Structures are given as C-alpha cells and as structure tokens.
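Reviewing the structure listed below.
Being a predicted model, the structure only gives us computed values, none of them experimental.
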Amino acid sequence: MPNITPSLLAPDHLRVNLQHFAYNVQTQPHFSWWNHSNRTGASQSAYQLTVFQRLQDRQDHKYLYDSGWVTSSNNTAVTAAKLSDQLVAGQLYYWQVRIKDNAGNISDFSQPAKLICADPSLPVKHGIWRQPQPKTAQELAHIGQVVFLRSPQLKINPSEVDTAIIVAVARGNEPVFAQSFDLYLNGHCLGVGSARQQEHDHGTEKTAIYYNVYEATDFLQDGANTVAALATASSDKQAFWCQLILYKHDGTKEVATTTDNTWRALDGSSAFGDYGVKIRTQYFGMVSENIDMRYYPQNWTSSAFDDHDWPLAWQNPHQMIADNEVLVPYRSENTERVEVHDRNKRVVTFSDQNYLLDLGKEIIGGLKVNLFSAFDQRVTVMMGEQLNDDGHVRHEMACGPDYIENWALVKGQNQFTTLQMKNFRYVELVGFEGDLPLDAINGWAMQQAFPDNESRFDSDSELLNREYELSKYTIKATNQDVFVDSQARERRPYEGDLLVNANTSYSVSSNYSLARHSLDYLIDNPTWPEDYKLFAIEMAWLDYLYTGDDDLLQTRYTDLQYKLNRGKSAESFDGASQSFTGSLKNSQGVDNFDAAVGLVTNDGLVDWPISERDGFMEGTYNTPFNAIFHGACATMAKIARVLHHPDDADRYQKRAEIIKTNLIDKLYDPQTGRFFDSLNADLSVNRHASHHASAYALCYGVYTDQDMADRLSHFVANDGHFVGSIYFIYFMLKGLFEAGHAADAITLLTDPDNHKDHKSFAAILDSLKATIAPEAWSNAYKPNLTLSHPWGATPGLTIVQGVFGIVPLAPGFTTFRVKVRPGNLKHLDLTTPSVKGLITLHYRHEPTHQTLDVTVPMNTTAQVELPDDAHAIVVHDQYGKDWTTSIEHDHDTLSIPMGRYQIQYQA
C-alpha cells in the first residue's frame with residue numbers, strides 16, 4: 001500500500017475555467033490545481049477528482065462523480081470523462097482533488113471548491129426601476145438615472161443553507177460605460193456589475209449580455225435579510241434584475257427573491273443631484289455626483305433600514321434581453337469594491353476651508369465617505385489624476401472629463417458612497433468648514449480580486465524596484481470587467497494595449513481569465529489599427545502557453561486565421577469568401593500578400609501619437625507591419641500544428657519565411673545595419689530609417705544571424721535613450737533582450753534622469769508622479785494623456801520575461817525557461833506566478849562566483865540557461881544533496897525538476 005506522507009501536500013489554488021468560483025460552466029469544465037511537495041524531484045503520477053452537490057456529501061463520500069485514480073501528470077485544463085452528462089444547468093457543485101506522486105505517495109484531498117453550471121433558462125424578462133417621471137415641464141428636471149433598490153425583508157435560516165448566491169444583470173448604460181450597479185446583502189457590498197456586453201458574440205449576429213453571480217453565503221444573517229442595489233442607467237431600457245438563490249443542505253434549491261414590484265425603488269435624482277448634467281468625454285457621459293445628504297438615505301443597505309415610505313418598484317415593460325441578444329454568464333472574475341487605505345495617504349490644508357486629500361495612489365472607482373459636519377453646508381469637490389503647478393487639483397482632466405461636483409452636507413455624520421467610475425488620486429474640498437480626519441474620505445476602488453502575495457521583485461536598483469511596483473499596481477488597479485486603454489477617456493479594449501496588459505498580468509498575477517476574456521472580446525470586436533488585429537494571434541498563442549488550455553484556440557481557430565486578411569477593402573471577396581459565416585462574414589479585408597514582391601501591403605499604428613514615430617515614412621509595403629505580419633504567420637503555424645492542421649501550418653510557415661527574406665533583401669541596409677521604413681508601389685525605397693522600423697524587425701526576429709542582430713540592437717538601443725512612445729518601448733525592450741542585448745535594455749530602464757518631460761521612468765515616477773502607468777511620457781508628448789493607461793506597464797513584464805527570462809516553453813508551464821540577464825545589477829529577487837505554482841529566483845553576483853537560487857513548482861521542469869562562458873557549475877538542492885552530475889545538461893542549459901536549488905557558477 002502507498003504511504004500517505006506529509007511530504008506530499010494537498011493540492012490548492014483550485015480553478016475551473018480559470019476562475020476560482022466558476023459560474024460559466026456550460027459543457028465540459030476545465031479543472032486546474034497547484035501541487036506541492038517537500039521532496040525534490042516530485043511529480044504527479046495520478047489524480048483522483050470527485051464532484052458532489054453539497055458540502056456535507058463530502059463527509060459521507062456521497063459523490064456525484066468519482067474519477068478514480070487517473071494515470072496522468074496533468075494538473076491544468078483537466079477534463080473529466082462523462083462528468084458533463086451528469087451536470088444540470090443552474091445547479092451548484094463542489095469538487096476536490098488529490099494526487100499520487102512518482103514515489104507512490106498520496107496526498108490528502110484538497111479543500112473543496114465550488115462551481116455552478118450556467119443556466120440559459122434564467123427568467124430575465126423585465127427588470128425593475130423607479131417609477132417613471134411624468135414628462136411635464138415641472139418634472140423634466142428630474143432625470144432619474146440613479147436609483148436605490150431594496151428587496152422585501154427575507155426570512156432566512158442560515159443553518160439550512162449550504163450556499164447563497166445572487167445572480168444579477170442590469171441594462172440601460174452606454175456600452176462603454178461598463179458596469180453600472182453596486183450590489184449589497186445586509187450592508188455588505190458583494191461587488192460591481194454587470195460586465196459590459198459583447199457584440200458579435202463568437203462571430204454571430206447576437207450581442208452577449210453578461211450576467212454576474214456573487215457569492216453571498218457569508219453575509220446571510222438569521223432572521224431578516226435584505227438585498228440592495230445602487231444602479232444607474234440612461235436609456236429607456238432602465239432595468240435591474242437579480243435573484244437571491246439558496247442551495248440548501250437537503251439538496252433543494254430555493255429562490256428567496258426575484259426583482260419585481262414588491263421591491264422598493266427610490267429615485268436617486270435628488271440624492272445625486274442628477275439633473276441632466278453629465279461628466280463627459282468624447283466617448284461617453286456619466287452622471288455627476290452632486291451628493292445632497294438631505295435626500296441621501298444613510299444606512300440604506302442595512303436590513304434594519306426602514307424603507308416603508310419608498311415607492312414600490314416599477315417593472316419596465318421592455319424585454320431585458322432582445323431577440324438579437326443572448327444572456328450568458330460572465331467569463332472572468334467579478335469586479336469588487338475595495339476600500340483603499342494607502343500608507344502614503346495624507347491631508348494638506350491650504351486654508352481653513354480648503355483641503356487636499358492625496359490618496360497616496362491613483363484609484364479607479366469612487367469615494368466612501370464618513371464625514372462629520374457641525375452644521376448644514378455646501379462643499380465644492382474636485383478630483384483628478386494630477387495637480388496644477390500651484391498644488392491644487394487639476395479637475396479638468398487632460399484627457400477630457402471635468403471632475404468637479406458639489407456636496408450638500410447635513411449637520412452630524414454624513415455617510416455615503418459614490419457609484420461612478422472615475423480615475424483620480426487627489427480630492428480637493430473647497431468651502432468645507434470643519435476638521436478633515438485622514439480616514440473620513442477613502443477610495444472606493446473597483447477591481448477584480450488581486451493576489452498581492454503571488455508576486456514580488458527586489459534588486460540593487462531602487463529605480464527598477466519602483467518601476468516594477470508601478471507595473472504591478474497598474475494591473476491591480478485596472479482589472480475591471482475587461483482590459484481597456486484607460487477608463488478615464490475611452491474605456492475601450494485594444495489589441496495593442498492587451499499585448500502589454502496581458503503579459504504584465506501574466507507576470508504578476510495567476511488570474512488568467514481576464515486576459516482571455518479580453519482577447520475573446522477583441523476577436524469579435526477588433527479595433528481600427530491593422531497591425532493590432534494581428535496581435536490577436538500572438539495573444540491567443542500566449543493564452544495557450546500560460547494556461548495550458550487549448551479551448552480558445554479550438555473555438556477561435558477560423559477567426560484567428562481570418563485576422564491575417566488585412567487588405568483594406570472587402571469588395572474583392574470571391575465566392576468562397578462570401579460563403580463564410582459569423583465573424584468571417586463580418587470581417588473586413590482580404591489577403592493582401594503580394595506574391596510578386598513577397599511582402600504584404602497595409603500599415604498599422606506604428607506608434608501613437610503620430611509625432612512619436614521618429615519620422616517614419618509610410619509606403620505601400622511597410623517594414624513595421626511586415627515584421628509583425630511575419631511574427632503572426634509564424635505563430636499561426638504553431639497554432640495550426642497544435643490543432644493538427646499540418647497543411648495550414650506549412651502554408652503559414654512558408655509565408656513567414658518569404659516575408660522575412662524579402663524584408664531583409666529589399667529593406668535592410670547592410671551598410672548602416674538598419675531597416676528602411678518602406679517600399680512604394682513602384683518598389684522604390686523610402687530610405688528613411690526610423691528606429692521603429694528596426695525595432696519591430698528586431699522584436700519579431702527578422703535577422704539572419706547574431707552579427708545582424710547586434711547591429712540592429714546597437715541602433716535600437718539608441719545610446720541609452722528611449723525613442724518613441726511609452727507603448728512602443730515594449731517592442732524595443734523585447735527585441736533587445738531576445739537578441740542578446742540585455743545590458744542595453746536595462747540601461748534604458750534604469751536611466752536616472754528624472755527631469756520633467758525626459759523619456760525615462762525616473763521622470764514618470766518623480767516628475768509626472770504617476771502611480772499607474774501613464775499613456776505617454778508626459779503631457780508635453782501627449783497633452784490629453786491619462787495617468788491610468790496600462791500600455792505603459794512594460795517594466796513589469798520586462799523584468800520577469802526579460803531580466804529573468806521566464807517564459808513558458810510548453811503549454812501550461814510544463815517546461816519553462818529561466819535565463820537571468822542582469823546587466824550591471826548585482827542582486828535580484830523575484831517571485832512570479834505560473835499556472836503550476838509560484839516560481840522564485842534569487843540571483844547574486846559575488847566577487848568570485850555567481851549564485852542562482854531557483855524554486856521550481858511541481859509538475860514543471862525549468863530550463864535554466866546559464867551564460868555561454870559559465871564554468872565550475874555546482875548544483876545543490878534545499879537539503880544539500882549534490883545534483884551537479886545527475887541533472888541533464890545541454891551545453892549551458894540545465895534541466896531542473898521540481899524543488900529548490902542553488903546553482904553556483906563562474907562566468
């Protein structure tokens with residue numbers, strides 16, 4: 001009999017469909033977990049996965065499904081044979097897993113985790129709102145875009161309940177306005193919703209309307225319970241719908257309440273000063289929050305609140321889900337409300353009635369206020385990302401919206417939360433008479449749950465440490481319902497932005513679901529830059545490598561193929577093309593490969609704003625676009641091979657090679673070691689050589705040998721000065737690291753010049769004072785910039801993927817690379833997540849040798865690449881055992897199995 005031993009720990013970090021509590025299980029769930037062992041070289045040899053309906057069933061071994069022991073080393077995207085036949089829509093299930101290792105040891109079962117099967121029959125027909133305002137001149141001022149909603153008091157015995165959830169969806173917002181309600185149970189905010197809709201869902205003519213499911217079990221109370229929501233909407237579809245569902249210990253399912261005309265609905269027009277004035281950008285408008293505490297119902301989310309004088313809710317007769325829409329569960333984690341208390345928060349007093357609150361870091365969200373006033377008074381409130389030169393808030397934001405509002409406070413305590421999504425660090429009160437305690441006004445951020453302990457970095461460069469924290473916090477602060485460019489202005493996903501967002505997110509968080517959902521959204525809703533559409537292919541491949549799950553590749557293969565059709569006109573579709581359906585039918589463009597030239601026509605963003613393009617000269621055949629296209633074709637070939645389409649793979653690989661050859665033959669200048677920008681239609685060369693042309697070529701491997709890569713790198717590195725925008729440096733730095741010029745890349749990142757408008761991260765941190773990555777180096781380069789634009793978060797991903805060289809070599813990190821390239825840095829410490837577990841590295845450059853401590857998660861192998869001149873290599877594990885001769889060597893690469901090791905070498 002195998003031994004149960006503490007050396008093999010119970011699995012944890014359980015995920016279904018990349019989520020910790022998946023409620024989007026529609027067919028076959030994909031299970032993942034982390035394994036842990038104290039034994040060097042341990043690996044999973046088998047697993048046993050069980051599924052049951054109620055928590056008490058676990059104790060009774062009453063399983064709906066028991067896989068038995070399955071011989072497999074896989075612990076990512078695991079499917080359970082025959083399980084889907086037993087799952088019922090709308091039902092709650094638990095699952096757990098235990099494993100056997102390669103020494104025959106058996107772990108304990110994991111703690112159970114929950115999943116819910118999607119329910120296409122949810123009765124989402126008519127939502128509720130406040131009673132419609134009469135359309136008279138007297139009533140026109142009351143717009144009614146904000147509403148307070150409360151359920152009847154619900155008598156619940158929590159001891160009978162295994163799990164309580166609330167399913168919720170709202171309609172009536174502008175599409176880019178995104179999430180429009182805060183949801184409460186008994187005074188506890190469960191989260192924000194509902195996630196923005198997705199047009200052209202999976203290539204159809206349908207729009208996906210997302211519902212969210214919120215875990216509510218821990219907030220039930222014995223006796224009276226109340227569901228509440230603060231919501232906003234601006235169209236005739238004004239509607240909010242939810243159900244509180246109780247899954248009981250006896251196996252039954254009970255709907256405790258559904259929104260109907262027994263609910264109460266208070267018009268929030270007076271409480272929010274909602275009289276038609278909106279805070280606007282050119283892309284959307286949102287209600288100004290002129291809070292008037294004479295009308296704001298304090299403590300309104302509590303079950304004890306007396307709402308008897310609130311009007312009964314009105315059921316909107318419009319169908320919530322139209323015929324051209326489909327209701328589906330959201331595919332990532334819910335957005336939560338987080339009360340922010342940063343250690344750098346401070347209050348500055350300008351005068352007796354003028355205060356500045358610096359939250360310490362910028363947040364995306366609103367305010368939670370608990371402010372005492374000695375008497376009734378009015379206060380002007382200004383918010384913003386930046387300060388003016390005089391130290392006051394720049395409320396008229398550079399990117400468009402003007403965050404200036406008025407509060408009417410009452411005598412005594414004033415407790416309220418705001419609802420709208422704003423981007424700000426500073427709050428200024430003008431006209432407030434009284435004391436402003438530090439915790440009277442706090443940030444009320446909107447973000448997905450973020451595991452701070454999964455990632456950290458430290459080095460002997462304080463500047464690089466600060467850049468990492470900037471990047472990490474950027475992802476934490478901007479991970480709402482979909483990755484976007486900036487919530488302050490557009491709130492729109494872009495493929496180029498996602499390239500940086502997702503790679504940085506992979507580097508600092510094990511939450512992979514948001515990157516996948518954002519990519520899924522963008523495949524259906526591509527943006528205008530032609531090169532951006534190609535990035536969808538790159539991101540799909542990265543999703544596969546990082547998650548180990550090929551589901552997106554399988555379902556999106558045809559759509560991804562069509563991204564390579566980047567001609568500007570759809571008029572020349574042939575008959576076969578016209579037969580395509582769904583997203584293919586709706587996609588613009590044709591195959592723009594010119595076989596006579598061996599290049600593709602068209603152009604892309606190159607850089608933004610245009611002034612940052614280093615004088616790039618556009619032609620018919622452009623170097624940056626062709627370099628990206630070469631990379632997309634090579635990646636598409638890999639995808640085709642994984643999905644067993646060998647003919648497609650050969651075709652894409654051949655095209656990638658043809659483009660690479662012709663780029664070098666026609667546009668590379670061997671005299672200068674640079675690429676020219678473009679060819680004209682008559683094949684004359686635009687002989688301007690922007691840094692962008694060479695940087696994109698370097699990034700996508702358009703070179704023949706190391707000598708050519710060295711010459712390109714010398715030009716791209718630009719003597720230690722960044723060229724182009726903060727977005728473009730992603731391609732610069734990636735190319736430099738992979739071409740063997742890490743020291744040049746680190747020199748660029750650690751430029752200490754922090755003078756105003758200098759292109760350095762030192763200036764971004766010290767002069768611009770950004771705490772979330774900005775859209776541009778400073779206002780001088782883009783006067784309408786945002787300071788909350790994650791496409792500037794390249795340092796975080798560069799430290800992980802570049803300085804440490806950590807990238808998956810096989811799907812799901814079954815094999816991953818470690819290639820520490822420290823430049824002039826002497827010590828480096830890193831923790832970064834993977835789908836298999838946490839990877840940690842500690843590098844020290846000692847006077848006589850170099851030391852690298854590596855922690856390799858279970859079920860993985862690290863390919864540790866040492867410098868070419870490394871010698872006197874010695875490897876010990878955590879117990880002091882010598883592994884020097886027993887591990888695999890391939891030149892300067894060590895194949896390191898699971899465990900903790902110290903590698904010493906001279907170089």
Side-chain angles (χ1 to χ4, degrees), residues 499 531 534-535 537-538 541 593 597-600 604 606-607 614 616-617 619 621-638 652-679 685-720 722-724 728-748 798 801-802 805 807 809 817 819 821 823 865 867-868 891-892:
L499 196 62
D531 52 351
L534 301 173
F535 293 148
I537 297 170
E538 186 173 346
W541 179 247
F593 178 71
V597 180
L599 296 172
V600 288
V606 182
D607 205 351
D614 192 32
F616 172 78
M617 294 183 64
Y621 310 92
N622 297 284
T623 298
F625 187 82
N626 273 271
I628 296 168
F629 202 98
H630 155 72
C633 286
T635 301
M636 200 68 218
K638 296 177 186 177
Y652 292 130
Q653 188 60 45
K654 181 179 179 180
R655 180 160 294 186
E657 292 168 359
I658 290 172
I659 292 171
K660 177 177 178 178
T661 297
N662 282 281
L663 266 176
I664 294 171
D665 289 349
K666 295 178 170 64
L667 284 162
Y668 179 65
D669 180 7
Q671 299 299 316
T672 61
R674 306 171 185 179
F675 275 91
F676 295 125
D677 288 351
S678 57
L679 285 176
V685 178
N686 288 318
R687 298 184 65 83
H688 182 263
S690 65
H691 281 81
H692 293 66
S694 292
Y696 279 106
L698 186 69
C699 180
Y700 287 97
V702 185
Y703 47 84
T704 57
D705 53 31
Q706 189 60 46
D707 179 66
M708 183 176 174
D710 291 343
R711 300 185 71 196
L712 284 170
S713 297
H714 178 74
F715 177 55
V716 169
N718 194 40
D719 295 325
F722 280 123
V723 177
F728 168 69
I729 69 168
Y730 166 83
F731 304 96
M732 288 181 66
L733 294 170
K734 182 178 179 181
L736 288 170
F737 271 106
E738 295 310 310
H741 289 263
D744 289 330
I746 293 172
T747 296
L748 285 163
T798 301
Q801 299 174 356
V807 292
L809 300 176
R817 184 190 70 180
K819 188 175 182 178
R821 296 167 282 197
E865 298 183 26
D868 293 340
H891 299 292
D892 298 309

Kindly check if the number of other-residue, nucleotide or ligand heavy atoms within 6.0 Å of CG (Asp665) is above 12?
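Yes, because the 6.0 Å sphere around CG of Asp665 holds more than 12 heavy atoms from other groups.
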
Are the side chain of [X] and the backbone of [Y] linked by a donor-acceptor contact shorter than 3.5 Å?
X      : Y      : answer
Asp669 : Gln671 : yes
Thr623 : Asp677 : yes
Ser678 : Asn622 : no
His630 : Ala656 : yes
Asp892 : Glu865 : no

Separation between [atom1] of [X] and [atom2] of [Y], rounded to the nearest 0.5 Å:
X      : Y      : atom1 : atom2 : value
Arg655 : Met636 : CZ    : CE    : 13.0 Å
Leu499 : Glu538 : CG    : CD    : 5.0 Å
Met732 : Leu698 : CE    : CG    : 9.5 Å
Tyr703 : Arg711 : OH    : CZ    : 15.0 Å
Phe715 : Ser694 : CZ    : OG    : 5.0 Å
Ile658 : Cys633 : CD1   : SG    : 9.5 Å

Can you name the closest pair of heavy atoms from [X] and [Y] and give their distance?
X      : Y      : value
Ala739 : Gln706 : O-NE2, 2.9 Å
Val702 : Ile664 : CG1-CG1, 3.9 Å
His692 : Val723 : CE1-CG1, 4.4 Å
His691 : Asn718 : NE2-OD1, 3.4 Å
Ala717 : Leu748 : O-CD2, 3.8 Å

Please assess Leu599 against Leu663 for the test side-chain contact (heavy atoms from CB on, under 4.5 Å), listing each intermediate value before the final yes or no.
CA-CA 7 Å; Leu599 296 172; Leu663 266 176; 3.9 Å; yes

Could Arg821 and Phe737 be counted as a cation-pi pair, given that NZ or CZ must be under 6.0 Å from the ring centre and within 45° of the axis?
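So Arg821 doesn't make the cation-pi contact.
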
Any luck finding a side-chain donor-acceptor pair between Asp744 and Thr747 under 3.5 Å?
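No donor-acceptor contact under 3.5 Å links the two side chains.
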
Taking atom types as modelled, find out whether Glu738 and Tyr700 have a side-chain donor-acceptor pair closer than 3.5 angstrom.
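Absent: no donor and acceptor within the cut-off.
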
Just to verify, which of Leu733, Leu736, Ile746 counts as forming a side chain to side chain contact (heavy atoms under 4.5 Å, CB included) with Thr798?
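When Leu733, Leu736, Ile746 are each tested with Thr798, the side chain to side chain contact (heavy atoms under 4.5 Å, CB included) holds only for Leu733.
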
Report the residue from Tyr730, Phe728, Phe625 that forms a ring pair (Phe, Tyr, Trp, His ring centres under 6.0 Å) with Tyr696.
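The option that passes is Phe728.
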
ring-ring contact (aromatic ring centres under 6.0 Å, His included) contacts in which one or both residues fall within residues 657-677, not counting sequence neighbours:
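For residues 657-677, and leaving out neighbouring residues, the ring-ring contact (aromatic ring centres under 6.0 Å, His included) pairs sorted by first residue read Tyr668-Phe675.
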
Test Leu679 against Asn686 for side-chain contact (heavy atoms from CB on, under 4.5 Å), laying out the working first.
CA-CA 6 Å; Leu679 285 176; Asn686 288 318; over 6 Å; no

